[in-house]
Amino acid sequence: MARVGVVTFPGSLDDHDALRAVRLSGAEAVPLWHGSDSVQGVDAIILPGGFSYGDYLRCGAISALSPVMGTVIDAANKGMPVLGICNGFQILCEAKLLEGAMIRNAGQQFICRDERLRVETRDTVWSCGFSKGEEITIVLKNGEGNYQASPETLRRLEGNDQVVFRYLDNPNGSANDIAGITNERGNVVGLMPHPEHCVEELTGPSLDGRRFFESVLGFLSSRV
């Protein structure tokens, strides 16, 4: 059975939701602590959403310096699947595993709503279970989810097929309607919406979130 680790940072809100989503997908969920440099031999890692300590400086800035992140960076550079959700996406940008940065939402308001996305590429370990062009519904909740990058970086992301998800109705001012991106290798993905909140009919607007976790398990099983 694949083992997927979920890192808890001080201020994490959705670590237990992510652990539950991993279990529902059929994998072993492994809690990881930000203050340890061990990831306990897991096969994939999730950085969950929340409001991490130090976000008053820049969202994710202090968390990116946590001991566990050194190990995460090394593992990601060797090909391990890593998913950053919301604050986890911000941490991935601060850790330079993904390009760009987050700023306050356009309108300076916190947004919480069901969000329609379009799948722009399935060529990542976290989106290979989708179809290109497919439209999905995923919960969104953030105050600093406005993704920005230099014109050169945006051109490169678009040209390299590294935009994974795009907003159909841009809620926060993100450049090019970007909701999620990947690194060139396709093993590291960050997105602002929360797939872990869309895995059960009782609590979510759809079951579209399940396929993020099923995608990575399908990828891992194909390597065996």
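Here the structure is a predicted model, which means the values were calculated and not measured.
More than 12 heavy atoms of other shown residues, nucleotides or ligands fall within 6.0 angstrom of atom CD in Gln108.
Cluster annotation: Leu32 and Ile73 are assigned to the same hydrophobic cluster (Ile/Leu/Val/Met/Phe/Trp/Tyr, side-chain heavy-atom contacts under 4.5 Å, transitive). Under the 4.5 Å side-chain heavy-atom criterion for Ile, Leu, Val, Met, Phe, Trp and Tyr, Val125 and Leu220 are members of the same hydrophobic cluster. Ile103 and Ile91 are members of different hydrophobic clusters when ILVMFWY side chains are connected at heavy-atom separations under 4.5 Å.
For Thr121 and Asp123, the side-chain atoms include no donor-acceptor pair closer than 3.5 Å. No hydrogens or angles considered: a donor-acceptor pair under 3.5 Å links the side chains of Thr137 and Arg116.
In this structure, CD1 in Ile85 is found 13.0 Å from CG in Asn142, a value given to the nearest 0.5 Å. Distance CZ/Phe89 to CD1/Ile181: 4.0 Å, rounded to 0.5 Å. With values rounded to the nearest 0.5 angstrom, Asn170 atom CG is found 4.5 Å from Asp177 atom CG. Separating the CZ atom in Arg166 from the OG atom in Ser174 is a distance of 11.0 Å, to the nearest 0.5 Å. The line from NE2 of His34 to CG of Leu47 is 13.0 Å long, rounded to the nearest 0.5 Å.
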**OP:** Evaluate side chain to side chain donor-acceptor pair (under 3.5 Å) for Thr8 paired with Asp15, printing each intermediate quantity in order.
**Re:** CA-CA 6 Å; Thr8 295; Asp15 46 346; 2.6 Å; yes
Original post:
Could you go step by step and tell me if Ile178 and Leu154 meet the side-chain contact (heavy atoms from CB on, under 4.5 Å) rule?
Top reply: CA-CA 10 Å; Ile178 290 173; Leu154 291 173; 3.9 Å; yes
Original post:
Does the side-chain contact (heavy atoms from CB on, under 4.5 Å) test come out yes or no for Ile111 and Met192, once each step is laid out?
Top reply: CA-CA 11 Å; Ile111 298 170; Met192 289 310 297; over 6 Å; no
**OP:** Report the C-alpha distance between Val188 and Leu92 in whole Å, list the side-chain angles of each, state the deciding distance to 0.1 Å, and finish with yes or no for side-chain contact (heavy atoms from CB on, under 4.5 Å).
**Re:** CA-CA 9 Å; Val188 179; Leu92 289 176; 3.9 Å; yes
Subject >> side-chain contact (heavy atoms from CB on, under 4.5 Å) between Leu117 and Tyr167, intermediate numbers included >> reply: CA-CA 5 Å; Leu117 309 177; Tyr167 297 115; 3.6 Å; yes
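Contact detail for Ser127 and Ser215: the closest heavy-atom pair is C-OG, 3.8 Å. Between Pro171 and Leu140, the closest heavy-atom pair is CG-CD2, 3.4 Å. Residues Ala179 and Pro193 come closest through the heavy atom pair O-CD, 3.8 Å. Closest of all the heavy-atom pairs between Cys93 and Gly100 is CB-O, 3.4 Å. What you find for Glu120 and Lys132 is that their closest heavy atoms are O-NZ, 2.6 Å. Pairing each heavy atom of Leu217 with each of Ala2, the nearest pair is CD2-CB, 3.8 Å.
Looking only at side-chain heavy atoms (C-beta outward), Val4 and Val42 stay at 4.5 Å or farther from each other. Counting heavy atoms from C-beta outward, Val119 and Phe165 have side chains that approach closer than 4.5 Å. A heavy-atom distance below 4.5 Å is found between the side chains of Ile136 and Arg211. Contact of the Leu191 side chain with the Leu83 side chain is registered, since non-hydrogen atoms from C-beta on lie closer than 4.5 Å. Trp126 has its side chain out of reach of Thr182: every pair of non-hydrogen atoms, C-beta onward, lies at least 4.5 Å apart. Residues Pro205 and Val139 meet the side-chain proximity criterion, which asks for heavy atoms closer than 4.5 Å. In this structure the side chain of Phe213 reaches within 4.5 angstrom of the side chain of Glu196, judged on heavy atoms. Between Asn77 and Leu97 the shortest side-chain heavy-atom distance falls below 4.5 Å.
When each of Gln90, Glu94, Gln148 is checked for a side-chain contact (heavy atoms from CB on, under 4.5 Å) with Met102, only Gln90 meets the rule. The residue from Glu152, Gln162, Glu184 that alone fulfils the side-chain contact (heavy atoms from CB on, under 4.5 Å) condition with Leu157 is Gln162. Residue Lys141 is tested with Glu115, His197, His194 for a side chain to side chain donor-acceptor pair (under 3.5 Å); the sole match is His197.
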Per-pair distances, 0.1 Å, donor-acceptor, side chain in residues 16-26, under 3.5 Å, sequence neighbours excluded:
from: Arg20; atom 1: NE; to: Glu200; atom 2: OE1; distance (Å): 2.9
from: Arg20; atom 1: NH2; to: Glu200; atom 2: OE2; distance (Å): 2.8
from: Ser25; atom 1: OG; to: Val22; atom 2: O; distance (Å): 2.6

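Aromatic ring orientation, Phe130 versus Phe212: perpendicular (interplanar angle above 60°, classes split at 30° and 60°).
Remark: side-chain polar atoms of Asp43 are paired, donor with acceptor, to backbone N or O of Arg3 under 3.5 angstrom. Checking side-chain atoms of Ser12 against main-chain N and O of Gly50 turns up no donor-acceptor pair under 3.5 Å. No side-chain donor-acceptor contact under 3.5 Å links Ser131 to the backbone of Glu134. Using modelled atom types, one side-chain atom of Asn105 and one backbone atom of Gly145 make a donor-acceptor pair closer than 3.5 Å. In terms of modelled atom types and a separation under 3.5 Å, the side chain of Arg118 and the main chain of Leu168 share no donor-acceptor contact. Using a distance-only test at 3.5 Å, with no hydrogens or angles considered, no donor-acceptor pair links the side chain of Ser66 to the main chain of Met69.
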